[in-house]
Amino acid sequence: MKPRSAWGIAALVLVGLFVGAWPCLAQLNLMVQCPADTDGIDADGDGNPANDIVCKHITAGDGFVTMADGTVMYTFGFSEVPDGTPPGQVFALRQVKSELPGPTIVLREGQELYLNLTNVGMINRPDLFDTHSVHWHGIPNSGSIFDGLPESAPTVKIGATFPYYYATLGKEGTYFYHCHVEVVEHMQMGMIAHIYVLPRQDQDTALKNSGSPPFVGFAYNDGDGSTGYHVSKALQLAGFDSRFHAQHIAIQNLPFAQLSDDYHFINGRGYPDTVNPNPLGASPENNGHFSQPMDTRIQANQGERILLRVHNISTTHLFTVRVLGIPMRVVGLDGKLLRNGSRDLFYETSSLTIGGGQAADLLLDTTGVEPGTYFFYTTNLDDLINGQQERGGIMTEIVVCPPSGCGV
Amino acid sequence: MRKRRWFGMALAAAALWAIIMEPSAWAKILGVQGTSFQLVAKQDRITLGDGDSVVMWGFALGDGRMQYPGPTLIVNQGDTITVSLKNALPATAGNVSILFPGHDVAASGGVAGVLTQEAPPDGTTTVTYTFTAGKPGTYVYHSGTRPDLQVEMGLLGVIVVRPTNPTPNSDCPPVPDGHNAGPNPSLCTGTKFAYNHSDTAYDREFLMVMTDMDPRVHRLVEFGRMNEIDTTSFFQTVWFANGRNFPDTIANAQVPWLPTQPYNALFLMHPGERILVRMATLGRDPHPLHFHGNHVRVIAKDGRLLSSSSGKGPDLSYERYTVVVNPGETVDAIFTWTGALMGWDIYGHAPGDDLAPYEFVADHGANFPVILPSRDDVVFGLLYSGSPFLGGEGSLPPEHAGLNVGGGFFYMWHSHTEKELANNNIFPGGLITFLGVVPWDVPLEAE
């Protein structure tokens with residue numbers, strides 16, 4: 001046996017502590033699968049035949065988030081491993097670092113996604129040996145091997161990595177992903193994230209230029225630009241039951257039957273944190289990492305169209321959402337253009353109920369809308385709370401600027 | 001939770017083994033056909049997924065035991081339907097009646113109630129409800145007497161009205177674009193239409209009745225403490241699919257150990273088949289039913305086709321991956337699955353192999369895209385065959401129950417108000433069931 005330095009032994013001890021039952025880094029399966037795109041085919045139609053394979057490496061573990069009233073809650077979560085991270089650093093860097101929501105994945109239709117999931121364990125709950133998974137919620141014609149169901153697929157143990165693969169051709173639209181292991185618990189604990197697929201039509205410059213000003217993109221392959229937008233935002237509606245999280249970190253029985261969220265949020269933040277442009281949630285408990293990086297303040301110039309990709313992933317609540325003062329048109333539901341053959345089923349409304357596991361694509365047209373601040377919020381008024389704090393929860397601001405913009 | 005979870009799965013295991021071995025057990029819509037039905041309200045018990053036993057009030061067919069949900073009444077469009085009701089509940093239950101939303105009902109006999117004629121709890125008085133089953137579709141029936149309590153107690157059921165004029169249509173498209181042909185002898189003959197239009201044709205139909213329960217109410221009823229029942233503080237902790245909690249949902253239909261819960265909810269299909277899912281919610285809360293595997297196409301609500309005008313078929317239908325079914329509402333949807341556009345050959349074919357029925361041709365022979373981790377790195381689900389391929393069978397670890405004999409792909413259909421996936425404090429349970437897509441060489445009973 002080779003002599004080891006004191007540092008090396010210390011590191012091994014630390015790793016041993018971190019990974020619990022795993023005695024040695026060499027036994028960890030951190031193999032990330034990411035084939036090169038060498039087929040010469042431009043599958044996403046963007047003119048580059050070599051960028052059609054997207055590789056992601058995410059971890060599943062635990063951490064802490066900070067609610068808008070200052071309450072710190074224990075969570076499970078996904079976190080993205082930056083490119084170039086040495087395999088030996090994956091555990092050390094990614095443990096106790098939840099992100100809420102998890103890493104957003106945006107794909108161009110035609111791309112293939114290799115999503116590598118490493119289970120880094122829940123270090124604050126060393127008694128747990130849960131596996132984790134990725135369930136791409138709603139993807140059409142899913143294969144059960146990549147569906148993330150612990151009942152019908154393999155799910156990955158602590159210290160190992162599972163490669164999920166998804167082809168996106170014909171699957172443009174708004175989706176989300178979450179862990180499906182112990183699904184009530186793991187979703188309530190925060191293993192929830194955005195994933196959406198930009199339509200192939202985004203490569204159609206002529207159609208983009210048919211907008212005034214030219215569209216930035218489209219929600220779907222509509223063929224006529226009717227889902228074109230200038231500004232877009234993905235909004236994840238969800239909530240936490242503070243008692244469940246408190247029981248969890250206290251290693252007590254989990255109150256499934258009594259579950260009812262008392263904190264509600266958009267992209268992990270309750271109002272007014274929703275409109276805070278800074279990354280938030282760098283609590284000492286979360287190792288100083290920002291746990292809630294995404295704000296949801298929306299800004300557009302008068303005359304522009306705003307696409308809201310909204311989904312509800314609460315484990316306990318349905319939400320009815322409203323935008324006060326800006327006409328709202330429903331153009332897509334659950335990842336599908338709202339159209340049957342040649343018949344548009346779009347409709348205008350001032351409210352839409354979105355149940356758990358549902359998504360909607362809402363187009364806001366600011367033509368003729370007076371510059372000012374408008375609100376996106378839930379009309380379930382009980383859900384405008386951050387725990388005991390009122391005027392919070394599911395609400396954010398939409399700022400409409402003059403046509404020339406709001407300036408710097 | 002973990003130990004209980006596997007205990008629950010173990011319960012399911014024995015049942016599921018039997019299902020795979022006994023094709024007659026899968027969940028076609030069981031019910032009673034005819035034009036005249038004798039229902040008797042009775043008190044009995046059901047078994048919850050956590051092992052609890054609770055008192056229920058429900059509808060029985062004549063001299064039979066009550067069941068939860070009540071008997072599914074299967075009738076033909078245009079028929080005059082007569083439902084007679086007697087009330088054999090304990091006197092403390094009071095009167096009972098039945099409402100038939102979506103139908104124009106004439107009621108006679110018994111005593112006048114607020115909403116309709118009622119049967120007092122004497123076991124002999126007969127109330128007769130008569131209506132014409134005017135339009136095809138999925139309907140509910142439930143108590144119209146103190147429904148805040150009596151629906152909770154189980155006095156509810158479903159009516160399926162079959163269309164009388166399902167004209168076969170040469171446009172009927174059994175093979176979607178880009179797919180190999182397959183055996184599909186029944187789809188467009190007109191015998192299996194949900195409505196009078198070929199776009200509502202199906203190969204198999206399943207029922208999904210979603211209900212909820214506050215067991216505290218049932219205990220008060222059991223012990224006769226009727227004046228302590230407060231239905232305004234209802235807080236449900238148990239959720240049902242077809243009257244059962246997971247994992248009982250995927251046990252066989254009509255098993256002797258669930259005598260008052262005869263219906264199951266394990267759905268099996270072959271790739272390319274069109275599945276009609278008839279959904280209904282009765283109780284307090286809406287349930288967002290999420291379909292793993294694929295979107296469904298919502299074709300009707302409350303027994304009315306989503307159609308712009310007569311003859312147009314479901315031209316206002318739309319696709320969803322989660323369908324919210326509100327209390328009292330019914331939704332009909334068509335589901336199909338072929339594995340199209342997966343990017344790999346789901347059968348594990350080599351390029352020169354024969355195509356499977358309804359195989360997506362463009363993916364034929366395409367390589368499986370990843371190297372799966374070693375068996376030591378993962379936990380195999382009890383419904384994983386050990387192979388990623390449809391019809392495949394891989395090696396399984398020694399402790400694995402091997403439930404998926406035919407190499408099917410199993411998809412959870414469940415409420416996405418995820419808290420409803422528990423039986424009281426025990427996960428998993430509640431509003432969970434499974435769809436199994438099994439290869440064509442695994443026989444399923446013709447429907």
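If you're wondering where the values come from, they're calculated on a predicted model, not measured in any experiment. Residue numbers start from 1 in every chain, and the chains themselves are labelled A, B, ... in the order their sequence lines are given, proteins ahead of strands.
- Between B:His290 and A:His135, some side-chain heavy-atom pair lies under the 4.5 Å cut-off.
- Ranked by heavy-atom pairs shorter than 4.5 Å toward chain A, the options B:Thr417, B:Thr237, B:Val238 are led by B:Thr417.
- The candidate from B:Ile346, B:Thr338, B:Leu289, B:Asp285 with the greatest count of non-hydrogen atom pairs under 4.5 Å with chain A is B:Thr338.
- Chain B forms more heavy-atom pairs under 4.5 Å with one residue of A:Leu149, A:Thr131, A:Val156 than with any other, namely A:Leu149.
- Formation of a donor-acceptor pair under 3.5 Å by the B:Asn294 side chain with backbone atoms of A:Pro140 is not found in this model.
- Remark: A:Asp334 pairs with B:Arg320 by the salt bridge (Lys or Arg N to Asp or Glu O under 4.0 Å) rule, at least two apart or across chains.
- Taking the side chain as every heavy atom from C-beta outward, A:Ser142 and B:Tyr411 approach each other to under 4.5 Å.
- Most heavy-atom pairs under 4.5 Å with chain B: of the set A:Thr316, A:Val183, A:Leu169, this distinction falls to A:Val183.
- With hydrogens and angles disregarded, no donor-acceptor distance shorter than 3.5 Å links the side chain of A:Glu151 to the backbone of B:Gly381.
- With B:Tyr318 as reference, A:Leu345 is the one residue of A:Leu337, A:Leu345, A:Asn340 to meet the side-chain contact (heavy atoms from CB on, under 4.5 Å) rule.
- Looking at B:His287, neither its backbone nor its side chain comes within 4.5 Å of chain A, counting heavy atoms on both sides.
- Among the candidates A:His180, A:His317, A:Met31, the residue making the largest number of heavy-atom pairs closer than 4.5 Å to chain B is A:His180.
- With a 4.5 angstrom heavy-atom cutoff, B:Phe389 does not touch chain A via any of its atoms.
- Between the side chain of B:Asn425 and the main chain of A:Phe256, a donor-acceptor pair closer than 3.5 Å is present.
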**OP:** Could you check B:His416 against A:His178 for ring pair (Phe, Tyr, Trp, His ring centres under 6.0 Å), going step by step and ending with a plain yes or no?
**Re:** CA-CA 12 Å; B:His416 221 277; A:His178 60 82; 5.3 Å; yes
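- Relative ring orientation between B:His295 and A:Tyr175 is described as perpendicular, the plane-to-plane angle rising above 60° on a 0-90° scale split at 30° and 60°.
- Under the rule for a salt bridge (Lys or Arg N to Asp or Glu O under 4.0 Å), A:Asp52 has no partner lying at least two apart in sequence or in another chain.
- Side chains of B:His292 and A:His137: a donor-acceptor N/O pair is absent below 3.5 angstrom, by distance only.
- Taking CZ of B:Phe235 as the reference point, atom CD of A:Gln258 lies at 4.5 Å (rounded to 0.5 Å).
- Among B:Gly293, B:Ala422, B:Pro388, the residue with the largest count of heavy-atom pairs under 4.5 Å with chain A is B:Gly293.
- Between B:Pro373 and A:Thr161 the shortest side-chain heavy-atom distance does not fall below 4.5 Å.
- Within a 6.0 Å radius of CG in A:Asp127, more than 12 heavy atoms belonging to other residues, nucleotides or ligands are found.
- Most heavy-atom pairs under 4.5 Å with chain B: of the set A:Gly341, A:Pro35, A:Gly138, this distinction falls to A:Gly138.
- Heavy atoms closer than 4.5 Å to chain A are found nowhere in B:Leu390, neither backbone nor side chain.
- Contact of B:Ser415 with chain A is not made at all, since no heavy-atom distance falls under 4.5 Å.
- In summary, B:Asp377 and A:Lys157 do not engage in a salt bridge, as defined by a charged side-chain N under 4.0 Å from a carboxylate O.
- In this structure, the ring of B:Phe368 has its center less than 6.0 angstrom from the ring center of A:Phe146.
- In terms of heavy-atom pairs under 4.5 Å with chain B, the best-connected choice from A:Asp147, A:Asn119, A:Ile139, A:Asn312 is A:Asp147.
- Of the atoms belonging to B:Val323, it is backbone heavy atoms, and not side-chain ones, that fall under 4.5 Å from chain A.
- Proximity of a side-chain donor or acceptor of A:Ser152 to a complementary backbone N or O of B:Phe410 within less than 3.5 Å is detected.
- When the candidates B:Val437, B:Val324, B:Leu372 are compared by the number of heavy-atom contacts under 4.5 Å with chain A, B:Val324 comes out ahead.
- No donor-acceptor pair closer than 3.5 Å links the side chain of B:Lys419 to the backbone N or O of A:Gln188.
- Most heavy-atom pairs under 4.5 Å with chain B: of the set A:Gly170, A:Ala167, A:Gly355, A:Ala153, this distinction falls to A:Ala153.
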